[in-house]
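Only one structure is covered here, and it is reproduced in the block below.
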There are 2 protein chains.
Amino acid sequence: MRISELAGASGLPVATIKFYLREGLLQPGLATSATQAAYDDGHVRRLRVIRALTGPVGLSVQQARTILGLIDDPGDDLYQTLGSAVSALPPVVEAASVDDPDPYPRARAALEALGQVYDPRFAAVAQLEAALTATEDAGMPLSEPRLLEYGRRLRELAEFDLEQMPSEPHAAVEYTVLGTALYEPVLLALRRLAHQDVAAQRTLGGDAD
Amino acid sequence: MRISELAGASGLPVATIKFYLREGLLQPGLATSATQAAYDDGHVRRLRVIRALTGPVGLSVQQARTILGLIDDPGDDLYQTLGSAVSALPPVVEAASVDDPDPYPRARAALEALGQVYDPRFAAVAQLEAALTATEDAGMPLSEPRLLEYGRRLRELAEFDLEQMPSEPHAAVEYTVLGTALYEPVLLALRRLAHQDVAAQRTLGGDAD
DNA sequence: TAGTATTGGAGAGCGTCACTATCCAATCAT
DNA sequence: ATGATTGGATAGTGACGCTCTCCAATACTA
């Protein structure tokens, strides 16, 4: 398959494919001469993943490169690989200073209350802290019971997710990393629809002032 | 309070505040002369909301303007206001053609299975469809049982959220609209942490092979 | 009242980002 | 042999979120 055929198969302009090649998102084709390279179905699939990550998931090219890199070449520790993947996902939050004895108090309190490990090195801990700070800054702090309710239910959902993880290591990494990224938009859409559904019932049911 | 004092109080450069004024995100101060305007605590709070929306929530200036506009001047129907807010939130998905008899088959199937209203005019329906399509494109489709599990739990969470809604209309709109936007990053961070926590237990518990 | 500082407002400039377009020499297809 | 296509490099583009500069009007300060 030549590049123009790959473009046809993927529905993307040749220029865009060249761009992804240059940026290292798409693995190079098998060079058959100085001006020719062969592409296959793997490239088509990869392009679909790239578009899924840069589109609905909303990753930058840089972030997508990191995620794809983890899938291509994961460490031997799933736990750490997941951590790396999370730190590549938005929102990007800069790490707190090393000196700070308690850089993420809100996140720490939440995780302790939930009985989950608190490790300030996790990107998601900083993300949680930033998100909680934002709710406070905007004047709508998340009450602790509510936070616990969220955490408890998401924890159950996470167990459900991990139960379905493939056993083969490479597949497991792909499942975990892509699953983290790809299912998030689904989750948000479902939450929004649920809110609308509940709001509709309330409204129709007589939202007395 | 003059603009330089507002800058001090909010920690933002004067130029940025002028930018938000120009873009219509921040309400103008009370003009006391041709070259002077008075700002108050409301402006400080508003700036905090703006930064929360454009920062952690990740909204563009354009999207933030829409959300803020809904809070300032909501319709009388909470349900519709929520719908407008959702369509301003990322990811932005273009609406399907009007002619298409079944533009969002995956979302429709999911909502019917969940027993929720399916209305193709909802932005979140298109978002759900796009998100589900992305999982398929990337080769990791969401199984129906899993989708139902997600939907069921998020629906419960939504009920929990709406129970705590203030009764005063203006506050209710603010709660619903800002809550949709502000709590999403919290949700995602908690999910990521839960995944990491579960993965840690699995890894330490002996991830054979 | 003279002189300096600050203000609101408008315009242009800047750095980043995700492409997109152009060019080129080597090679392929006929 | 000759026109099209390729990989590769470089430059251009349009959107975005600020940021800078300028200005005349006004405010404070002595």
Side-chain angles (χ1 to χ4, degrees), chain A residues 1-40 43 46-68 88-92 94, chain B residues 1-40 43 46-68 88-92 94:
Chain A
M1 197 188 291
R2 297 183 298 178
I3 199 170
S4 60
E5 298 173 284
L6 179 59
S10 64
L12 293 172
V14 172
T16 302
I17 295 178
K18 285 185 175 185
F19 171 69
Y20 291 147
L21 284 167
R22 222 178 312 141
E23 292 294 322
L25 299 193
L26 183 65
Q27 66 275 29
L30 183 65
T32 59
S33 86
T35 66
Q36 221 82 3
Y39 302 91
D40 58 23
H43 292 86
R46 180 61 160 249
L47 283 174
R48 279 205 287 259
V49 175
I50 292 172
R51 294 302 280 193
L53 290 180
T54 58
V57 179
L59 298 193
S60 70
V61 164
Q62 156 85 283
Q63 292 162 339
R65 177 168 39 228
T66 304
I67 297 290
L68 291 168
L89 257 31
V92 177
E94 73 272 27
Chain B
M1 197 187 291
R2 297 183 299 179
I3 199 171
S4 59
E5 297 173 283
L6 179 59
S10 64
L12 293 172
V14 171
T16 302
I17 295 178
K18 285 185 175 185
F19 171 69
Y20 291 147
L21 284 168
R22 222 179 311 146
E23 292 294 322
L25 298 194
L26 183 65
Q27 65 275 31
L30 182 66
T32 58
S33 84
T35 65
Q36 219 82 3
Y39 302 92
D40 57 24
H43 292 87
R46 179 60 161 250
L47 282 174
R48 279 206 288 259
V49 175
I50 293 172
R51 295 302 280 193
L53 291 179
T54 59
V57 178
L59 298 193
S60 69
V61 165
Q62 157 85 282
Q63 292 162 338
R65 179 171 37 230
T66 304
I67 297 290
L68 291 169
L89 258 29
V92 177
E94 73 270 29

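So you know, we letter chains A, B, ... as the sequences are listed, proteins then strands, and number each from 1. All values below come from the heavy atoms of this structure, side chains included, with hydrogens, waters and symmetry mates left out.
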**Request:** Begin from the C-alpha positions of B/L89 and B/T66 and carry the test side-chain contact (heavy atoms from CB on, under 4.5 Å) through to its verdict.
**Result:** CA-CA 9 Å; B/L89 258 29; B/T66 304; over 6 Å; no
**Item:** Steps toward side-chain contact (heavy atoms from CB on, under 4.5 Å) verdict (A/R46, A/L68)
**Value:** CA-CA 9 Å; A/R46 180 61 160 249; A/L68 291 168; 3.4 Å; yes
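Using a 4.0 Å heavy-atom distance criterion, B/R65 is classed as making no nucleic acid contact.
The span of DNA chain C lying next to chain B, judged by atoms under 4.0 Å from heavy atoms, is bounded 5' to 3' by C/dT7 to C/dA12.
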Distance-only donor-acceptor hits, side chain of residues 24-39 of chain A, under 3.5 Å, sequence neighbours excluded:
residue: A/T32; atom: OG1; partner: A/Q36; partner atom: O; Å: 3.4
residue: A/S33; atom: OG; partner: A/T35; partner atom: N; Å: 3.1
residue: A/S33; atom: OG; partner: A/Q36; partner atom: N; Å: 3.3

Report, one line per pair, each donor and acceptor closer than 3.5 Å where one atom sits in a side chain of residues 8-22 of chain B; sequence neighbours left out.
residue: B/S10; atom: OG; partner: B/L6; partner atom: O; Å: 2.9
residue: B/S10; atom: OG; partner: B/A7; partner atom: O; Å: 3.4
residue: B/S10; atom: OG; partner: B/L12; partner atom: N; Å: 3.4
residue: B/Y20; atom: OH; partner: B/R51; partner atom: NH1; Å: 2.8

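Proximity of residues 16-32 of chain B to DNA chain D (heavy atom under 4.0 angstrom from any strand atom) is restricted to B/T16, B/F19, B/Y20, B/R22.
A/R2 and A/E5 get closest at one heavy-atom pair: N-OE1, 2.8 Å. Taking both residues in full, the closest heavy atoms of A/G58 and A/P90 are given as O-CG, 4.5 Å, listed atom of the first, atom of the second, then distance. Closest of all the heavy-atom pairs between B/T54 and B/A64 is CG2-CB, 4.1 Å.
Distances from the side chain of B/A34 to the nucleotides D/dG17, D/dA25, D/dT5 place D/dA25 closest.
For the pair B/A37 and A/S33, nearest-nucleotide mapping onto DNA chain C gives the more 5' position to B/A37.
Summarising the geometry, the separation between CD on B/Q36 and C1' on D/dA25 is reported as 10 Å, rounded to the nearest angstrom. In this structure, B/L59 places its CG atom 14 Å from C1' of D/dC16, rounding to the nearest Å. Separating the CD atom of B/E5 from the P atom of D/dA27 is a distance of 15 Å, rounded to the nearest angstrom.
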I'd like a table of atom pairs between the protein and nucleotides 1-3 of chain D - only N or O on both sides, under 3.5 Å - with the distance next to each one.
none

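Here the straight-line distance linking atom CZ of A/R48 with atom CG of A/L53 works out to 13.5 Å at 0.5 Å rounding.
Listed by chain and number, the residues in a side-chain hydrogen bond (donor to acceptor under 3.5 Å, both in side chains) with A/E23 are A/R65 (sequence neighbours excluded).
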